[in-house]
Asker: 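First the structure, then my questions, so here it is.
All heavy atoms count here, side chains included; hydrogens, waters and symmetry mates do not. Convention: sequence-line order gives letters A, B, ...; per-chain numbering from 1.
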Amino acid sequence: MLWSQTFIPTLKETPADAEIVSHQLLLRAGLVRKLTGGLYTFLPLGLKVLRKIEQIIREEMNRAGGIEVLMPALQPIDIWQQSGRYETASGVLFKVRDSARKDWVLGPTHEEVITSLAANELNSYRQLPKNFYQIQTKFRDEIRPRFGLMRAKEFLMKDAYSFDATDAGAMTSYHKMYDAYTRIFARCGLQAFPVEADTGVIGGNYSHEFMVPAETGENDVVYCESGKYAANIEKAVSRGPAESTPSESTGAAPEKFATPGVVTIEALSAAPYGVSARHQIKTLVFIADSKPILVLIRGDDSLNEAKLMAKTGAVQVRQATADEIVDLLGARPGSLGAVASTLKTPTVPVYADEALRGARGMTTGANEDGFHLRQVEVDRDLKVGAWYDLRTVKVGEACVETGQPLKIRRAIEVGHVFKLGTKYSEKLNATFLSEDGSRHPAVMGCYGIGVTRTLQAVIEQCNDKDGIRWPVSVAPFTVCITPLTVTPESQPMTLARELLAKLAEAGIEAILDDRDERPGVKFKDSELVGFPLRVNLGEKSLAKGEIELKPRGGTMRMVPIADAAAEVIAWVRAESARLQG
RNA sequence: CGGGACGUAGCUCAGCCCGGUAGAGCACUUGGUUUGGGACCAAGACGUCGCAGGUUCAAAUCCUGUCGUCCCGACCA
């Protein structure tokens, strides 16, 4: 490929609306251009990278037994109503109306479609297991698209769906995908690691996310340095808070005291009250699937809403408004409590975090503005409907596996594997006949990789002050041939064309920078775009019979003209081998 | 949806506070000189100052509304 015959609009300056380095480099290296918020055009080099990532995914999915299909992006709403997600996922659904005024959905994911297919086509245990996958555009009405391709309204995703006859079979399918994902990210040159994950609206009961460590990620990962435990903070557990919960008896009954104007944990910890956060019970009011619930957390802990949803099985949870709270409890936020004798509506369900078990000598709101209760004993004074682990793990707490202090870091989620069970197969009638003639719903799994997000994650992880540093496996071109003179019959240009042809013969994709630009411009551009290896052909070196090999981010090496092609091929093969996993 | 910032040339930005004929650098066009790390000189082209309304003799500048973008939060498969 000749540089002059493709389209690589590099930018010297950083675009104002790109905040994080990978987004800036996507634009500066001429890989993508924005149409509007959350929608991007892939330019030739960006598209080449995308295709290479897709190819790696295809190879590994095929190796793991995946069968490629392509499903419609435009979907009828009835299957979404059938699965129950027309309501629960309505926040991200793009809906469109046709000329007959019928409504459709632009697919944000494809469980409904693939399960409909399975319902029709997979009728016998003899056909199982099956694992279908596709690489396809997804549409999600993200509330706030951001960071370029990281969170977009339209993006490319690889999604796979497995169908098994048994739970054990489903676990095998799951682990095949888990292993395939490990290989895929390694081959893309990404350091990605699996963590235990919450399943969210998609449902199911077992799940891992593949995370790329990055400060700009949108996820917090809790991990133990031993490597024996890692989990998304939405799911993470520990051996409990660093400081124990008070359990000493302090009195025969709760005692009401005036706390005018005190509506925060901090204010109650300060003089003149001096009730440490650890001695307080935080009472939160949520509306879970349209019904109010009380959630109790120790004062120095914070509620983990993902856990609340997972543990209570609620599909939609939101904080109650101030008015709803006054209606329910007769007091405003800041004076709320769950002490049974103060509850205006004693039937409201009360869920408490495990850390509050057996707590005594606690202080909590009196459900009367400006008053709190002290000497509260949880077992004696409260009616807790259910105990759950609802708190968010904090740095330094003991790892459940090793007891070592846990750490937290930010990360980008590039892949997610779920064991779904029979949630969708039951609702959409994807059943099969087993050997004994009985009918069962297929046991499903689903597995996603954000292809466009993976592309950007590679940039986020592989860059320096000069630009991108593509791993050879996904680089738009592995070699950039750079003659410093480009007049057609000059020695640099002649040798450059010969080298391009020899590399092509060896199956190596190179780009020849035939632009009539000063050397500095070409060097800067090739480093910005991030080709793994640059070959300089300049009059000075050629006069000495040498060609220059400059790996991106490495040191220059001179090789005899005659050996150039062989040296380049050897370098590329060695680099590729390193990523093959 | 709440909070914040910003919309001026293709890009990065100044001008706005304090109203008075639209600016710089880069990019682009032409000519010349250069040619191993984002060259230099000269000439040139490029704008309904996001949009709509208002105040005013006069609005990029002040006021109101609106649209868009980015960030934080909420939300999020």
Side-chain angles (χ1 to χ4, degrees), chain A residues 9-20 23-24 27-28 30 33-39 80 83-85 88-93 107-112 138-148 150-153 155 157 159 161 197-204 207 209 216 218-219 232 234 305-306 309-310 315-319 321 413 415-418 420 423-424 446-450 453 465-467 482-487 490 492 513 515-529 534 536-544 546 548 550 556 558:
Chain A
T10 57
L11 302 174
K12 205 184 280 191
E13 290 180 281
T14 304
D17 58 4
E19 187 78 8
I20 68 173
H23 186 194
Q24 293 169 354
L27 295 165
R28 288 192 58 209
R33 284 293 182 266
K34 183 171 76 171
L35 174 62
T36 183
L39 297 174
W80 284 84
S83 73
R85 289 206 293 185
T88 59
S90 68
V92 295
L93 281 182
T109 177
H110 281 69
E111 281 81 9
E112 282 77 5
K138 298 285 188 266
F139 299 87
R140 294 188 188 180
D141 189 6
E142 293 290 350
I143 298 166
R144 180 152 88 88
R146 59 180 133 181
F147 300 153
M150 285 299 186
R151 184 168 289 277
K153 287 179 183 293
F155 60 98
M157 183 177 189
D159 45 326
Y161 306 90
D198 179 57
T199 52
V201 178
I202 202 150
S207 168
E209 289 164 334
T216 53
E218 298 186 75
N219 302 274
N232 191 308
E234 295 182 338
E305 279 192 44
M309 291 177 76
V315 174
Q316 275 168 329
V317 166
R318 62 170 175 85
Q319 290 208 1
T321 64
E413 177 193 346
H416 201 159
V417 293
F418 297 86
L420 285 176
K423 173 178 170 181
Y424 295 92
C446 73
Y447 318 94
I449 290 179
R453 184 184 283 180
K465 64 174 176 33
D466 296 317
T482 310
L484 301 186
T485 309
V486 295
T487 43
S490 64
D513 189 352
R515 295 175 300 164
D516 186 13
E517 288 285 356
R518 297 163 62 86
V521 173
K522 296 183 166 198
F523 295 159
K524 288 287 186 191
D525 267 351
S526 78
E527 281 154 17
L528 174 59
V529 175
R534 188 176 66 226
N536 298 338
L537 299 127
E539 314 266 4
K540 282 186 195 165
S541 302
L542 292 179
K544 289 187 277 181
E546 289 173 329
E548 298 161 8
K550 172 75 172 64
M556 186 129 79
M558 318 293 279

Asker: Could you check how far CD of A:E218 sits from C1' of B:C72, rounded to whole Å?
Answerer: 12 Å
Asker: In whole angstroms, how far is the P atom of B:G36 from the CG atom of A:D516?
Answerer: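 It is 13 Å, rounded to the nearest whole Å.
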Asker: May I ask which nucleotide in the shown strands pairs with B:C16, Watson-Crick or G-U wobble, both distances under 3.5 Å?
Answerer: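 Pair assignment: B:C16 / none.
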Asker: I need the CD-P distance between A:Q24 and B:C11, as an integer number of Å.
Answerer: 16 Å
Asker: Quick one: look up who B:G53 pairs with, Watson-Crick or G-U, both distances under 3.5 Å, and put none if it's unpaired.
Answerer: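 Paired with B:C63.
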Asker: Specify the separation, in whole Å, of atom CZ of A:R85 and atom P of B:A77.
Answerer: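 Those two atoms, CZ and P, are 10 Å apart.
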Asker: If we call it a pair only when both distances are under 3.5 Å in a Watson-Crick or G-U wobble match, what pairs with B:C26?
Answerer: B:G10
Asker: Could you check A:R146 against A:E19 for salt bridge (Lys or Arg N to Asp or Glu O under 4.0 Å), going step by step and ending with a plain yes or no?
Answerer: CA-CA 9 Å; A:R146 59 180 133 181; A:E19 187 78 8; over 6 Å; no
Asker: Using whole Å, what does the distance between atom P of nucleotide B:C11 and atom CD of A:E13 come to?
Answerer: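 Whole-Å distance recorded here is 11 Å.
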Asker: Knowing that exactly one of A:D466, A:L484, A:L528 qualifies, which makes a side-chain contact (heavy atoms from CB on, under 4.5 Å) with A:F523?
Answerer: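 Of the listed options, the one satisfying the test is A:L484.
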Asker: In whole Å, what is the span from the CG atom of A:L11 to the P atom of B:U12?
Answerer: 8 Å
Asker: Ignoring backbone atoms, test whether A:T36 places a side-chain nitrogen or oxygen under 4.0 Å from the OP1 or OP2 oxygen of B:U69.
Answerer: yes
Asker: Take atom P in B:A43 and the same atom in B:G38, then report the distance between them in whole Å.
Answerer: 25 Å
Asker: In whole Å, I'd like the distance from the CZ atom of A:F418 to the P atom of B:A77.
Answerer: 8 Å
Asker: Between A:T10 (side chain) and A:R28 (backbone), is there a donor-acceptor pair under 3.5 Å?
Answerer: no
Asker: According to the Watson-Crick and G-U wobble definitions, with both distances under 3.5 Å, which nucleotide is paired to B:U33?
Answerer: B:A39
Asker: Is there a Watson-Crick or G-U wobble partner for B:A74 with both distances under 3.5 Å, and if so, which one is it?
Answerer: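 B:A74 is unpaired by these criteria.
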